[in-house]
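Report on the structure given below.
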Amino acid sequence: MLNAIVVIVAVLVTAAIIWYFFAPAKAAHASSEGGVQTAHITVKGGYTPQLTEVEAGRPVRLVFDRQEGGECSSHVVFADLGIDRMLPAFETTTLNLPPLQAGDHPFACGMNMLHGMLRALPAPGGADGTAATQTKTAPPATATQPSPEAHTGHEFRDDPANEDRERDKDIHSLTIRFVVALIFTLPVFTAAMAGMFIHLPPVLMNPWTQLLLTLPVMLYSGWPIHRAGWLALAHRSPEMNSLVTLGTCTAFLYSFFITAFPELLPAGSRDPYYEAVGTIITLMLLGQIFEARAQRGTGDAIRSLIGLRPKTASVVRPGDDGHESVEQVPVDDVSVGDIVLVHPGEKLPVDGLVVSGTSSVDESMVTGEPMPVRKETGDTVVGATINTSGSLRYRATQVGQDTVLAQIIRLVKSAQASKAPIQKLADRIASIFVPGVMLVAIWTFVIWWLIGPLPKGVNGIVAAVSVLVIACPCALGLATPLSVTIGTGRGARSGVLYRSADALQNAEAIDTVVLDKTGTITVGKPELTDTAAAEGFNADRLLALAAAAEGDSEHPLAKAIVGAAQKQDLRLGRSVAFESVSGAGVNVLIDRKGLGGEGREAVFVGNQSFLKSHGVALPTSDAALIRAQQWASQGKTTVFVSVDGRFAGVLAVADKVKPNSAKSIQALKDRRIETIMLTGDNEGTARAVGAEVGVSQVIPQIHPEDKAHIVKALQEQGHMVAMVGDGINDAPALAQADLGMAVGTGTDVAIESADITLVSGDLGSAVTAIDLSGAAMRNIHQNLWFAFGYNGLGIPIAAGVLYPFFGLLLNPMIAGAAMAFSSLSVVLNANRLRVSPLKARSVRNPKPIDMEALRALVSKPQPEPNPSPATAITTVDKGHQLKGSADMAENTMVTDPVCGMSIDPKTAASSSEYEGKTYYFCSQGCADTFNADPAKVLNK
């Protein structure tokens, strides 16, 4: 009869636990305060309310009122938004969120034990907040949509130093409680362990004495554990403290019952377990102290980055009398446009552009590169770097939240707050772990009661308490986040910025790296080296026409041509209309007024195929073309020019290969990673550069849109692809790739299309990113083995599975010691990642690449369709931003049938009638070509 009662009670308790912990949570609704959705959330052993509903597509303000101390709830993390905010103890913290997309947005404490939910419901009228949808190419919410407080000048409000101060307070409090627990537990522990071997004073063996000694441990030392544990149970978010407090309270109440009413139990069942209660709490406190000290170092990356920021700046102020003065101002008071003066040995306070002076600047703290970089007038400088030799004056261009350092800190914080895909399994298990352990403890007692040896009730309680105490959900919760935090922090110190934990995980699996050439393999600052004019043209006129055509372009090749013309003080014509084929060339109408000439000239500047596609004949016997072939074989980029449909000559532009490119590409090949270089250059130039750096494959004459197609084709062949590019015309390919790596320097650190930013611009950083990912993933796997292996073995042993074979029943004190050091082992192992050497790993079974299929995807150069009459003619080609004349955009445009130029009939240089239709021409040369054989022109 008694057995049946025990089973029935166990079934009822099991049903109650399942219902209590897994029943749907009651939702609270955000209120409107000042036009902003506002929700107040109390943090006290959990989140109240646990579920908050808001309207999608509208800003949200969360006010967290933390009414407790301790490590667990010291942070709130929105992993899918990339937000990790510190919550100071016994203070109110406001967190502003951007408009959210419809759906669930979970949040948790920093140790992933306490959980809450923010649910965004579709707005009335069908708005669902899709504008805020996060995609692979979109950065976390805090990176692109800072909160209203973002630009207050206090962007470092979550300074890890503040966290360390909070953690130091917790360590101090824990230490005092631990000392008290140790003092009162030692006599009880000694009596229980040594009393059977040596004679001890009877008073020490008295259960009432042991009860009195255990009370301070239970009520004072263990108070934070019990408080946090019971509150977490009340919030239906049980965690490690909940299991410990259930186990110790069960053992204490059982021991108290034995002490007060020993006659109610058989003689063999009257031994109390006060020593277990005191020892478990003491070891728990010791483990928390060690863990808090170990975790104190996980914020080193952010702390070191913030520590780079100087406190003051020397700003040059013009005086009323025409003289200048230098003022020392707080760095937060520096404004865009201020002239900043830095002397040798000083840190640069903000980002800017050098206006005078020459010096070398140590940028290692931002880029990870040890060699100082020479800076002179016109060069960009980055805040927090160190001026080593000369004095510089520079104009502030980015201050406060917009500086490179601030962007890096935001990216690192965002990455550390995100969750790696591998964490999903641990999260799913952790969500049911504690209720599951409670059920295992209940049924462990039932099984011991039904089939265990005498005293079966005592053995059942001992086994149930051991199960509760030995289980460690904290190890599961910390296994992945700690490694992500330390790994992304180490990457930041090496000039590798992971945008998310996904990027940290995915980099390890890469087997193919696709490389852009200009600015990635090469320096990206080409210079004009050679000029070959065709018959009837001279070199100066050739260069002047090409420079006039490329005058508004930001492309590196265009800058090289324009810069060379400016150095020679050549007079350039005014461009009045443009068209461009991205990655191929531009056709521009040049007005010769002001140059001593009349009329306009249609100038084409681009690659060989571009000119041919527009009907320009390239005589193979021309000396300029022969020289162009020679230059291409030397690795130089050749730029062809025509005027009014006639070949004018060739320019050669050379871009230096970065010093470390060949070494880095060889390092990738040593890891059995396939490397493919994509370039718009012709075959000869591409092969020459490819051979110099040693890439596995070269695909020349690439259009920007082809890059994404090639990446996609590689993925369809079963490859994990990383794209390394400059983040401008490579953006589609960076977004398409499994891993986008943006080569960024200076303000390029915030390239939106990339998963990883290589701050230094060195390809060696790509190798570091892959190797660091491998090290981080190995570390995460080790942590998960610690967590799963510990709990998978410890819980069955605590339940008594070894008793039938070895007569072994785990003492709760041993279980408590194992639990106390389980999470500590995870923390210590994660910290190894900070200093462990990065080991190269090879792709295990690299798959062959079908290069013919990739080359077949390269687009044939074709003129782009005429632009809409209502829009200016523009292009986006490696930064080109060409603007058509405003009056052209306002009128109906027609196409010159000879050169394909879009022109205004009212301003056409000439026109001709043919078969009842009027044709307009941009220049007389095009008109003459048409009139010579209209049918041939129209049917070409």
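In this chain, residues are counted from 1 in sequence order. Values below: all heavy atoms of this structure, side chains included; hydrogens, waters and symmetry mates excluded.
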Judged by modelled atom types alone, do [X] and [Y] share a side-chain donor-acceptor pair under 3.5 Å?
X      : Y      : result
Thr637 : Thr685 : no
Ser314 : Glu327 : no
Ser359 : Asn387 : yes

At what distance, to the nearest 0.5 angstrom, does [atom1] of [X] lie from [atom2] of [Y]?
X      : Y      : atom1 : atom2 : answer
Glu550 : Lys559 : CD    : NZ    : 12.5 Å
Glu363 : Leu348 : CD    : CG    : 9.0 Å
Gln736 : Met723 : CD    : CE    : 11.5 Å
Leu515 : Met677 : CG    : CE    : 8.5 Å
Arg393 : Ile339 : CZ    : CD1   : 8.5 Å
Thr518 : Leu678 : OG1   : CG    : 11.5 Å

Stepwise salt bridge (Lys or Arg N to Asp or Glu O under 4.0 Å) test for Lys525 and Asp655: CA-CA 6 Å; Lys525 294 182 179 180; Asp655 190 6; over 6 Å; no

Test log, rule side chain to side chain contact (heavy atoms under 4.5 Å, CB included), inputs Asp402 and Thr397: CA-CA 9 Å; Asp402 298 325; Thr397 55; over 6 Å; no

Measure across [X] and [Y] and return the closest heavy-atom pair with its distance rounded to 0.1 Å.
X      : Y      : answer
Pro349 : Pro310 : CA-CG, 3.4 Å
Val484 : Ala501 : CG1-CB, 3.9 Å
Thr358 : Arg374 : CG2-NH2, 3.0 Å
Ala384 : Leu405 : CB-CD2, 3.8 Å
Leu651 : Ala546 : CD1-CB, 3.6 Å
Pro526 : Val653 : CB-CG1, 3.2 Å

Side chain to side chain contact (heavy atoms under 4.5 Å, CB included) assessment of Lys707 paired with Ile702: CA-CA 7 Å; Lys707 296 180 180 180; Ile702 286 289; 3.6 Å; yes

Partner set under side chain to side chain donor-acceptor pair (under 3.5 Å) for Thr93, not counting sequence neighbours: none

With a 4.5 Å limit on heavy-atom distance, are the side chains of [X] and [Y] in contact?
X      : Y      : result
Ile756 : Leu739 : yes
Val354 : Val381 : yes
Thr531 : Leu542 : yes
Thr94  : Arg61  : yes
Val361 : Pro372 : no
Val693 : Thr522 : no
Pro344 : Ser391 : yes
Leu504 : Thr488 : yes

Donor-acceptor check, side chain of [X] to backbone of [Y], threshold 3.5 angstrom: yes or no?
X      : Y      : result
Glu346 : His343 : yes
Tyr394 : Val342 : no
Ser335 : Asp338 : no
Thr388 : Ser360 : yes
Asp530 : Ala652 : no

Glu527, CD: over 12 other non-hydrogen atoms inside 6.0 angstrom: no

Greater than 12 external heavy atoms within 6.0 Å of Arg317's CZ: yes

List, one per line, each side-chain donor-acceptor pair under 3.5 Å for residues 657-665, sequence neighbours excluded.
| unit_1 | atom_1 | unit_2 | atom_2 | d |
| --- | --- | --- | --- | --- |
| Lys658 | NZ | Gly519 | O | 3.1 |
| Lys658 | NZ | Thr520 | O | 3.4 |
| Lys658 | NZ | Gly761 | O | 2.4 |
| Asn660 | ND2 | Ser664 | OG | 3.3 |
| Asn660 | ND2 | Asp762 | OD1 | 3.1 |
| Asn660 | ND2 | Asp762 | OD2 | 3.3 |
| Ser661 | OG | Ile521 | O | 2.7 |
| Ser664 | OG | Asn660 | O | 2.7 |
| Ser664 | OG | Gly764 | N | 3.0 |

Side chain to side chain contact (heavy atoms under 4.5 Å, CB included) between Val724 and Val743, worked out: CA-CA 7 Å; Val724 186; Val743 174; 3.6 Å; yes

Phe78 vs Leu95, side chain to side chain contact (heavy atoms under 4.5 Å, CB included): CA-CA, chis, key distance, verdict: CA-CA 11 Å; Phe78 288 79; Leu95 175 62; 3.6 Å; yes

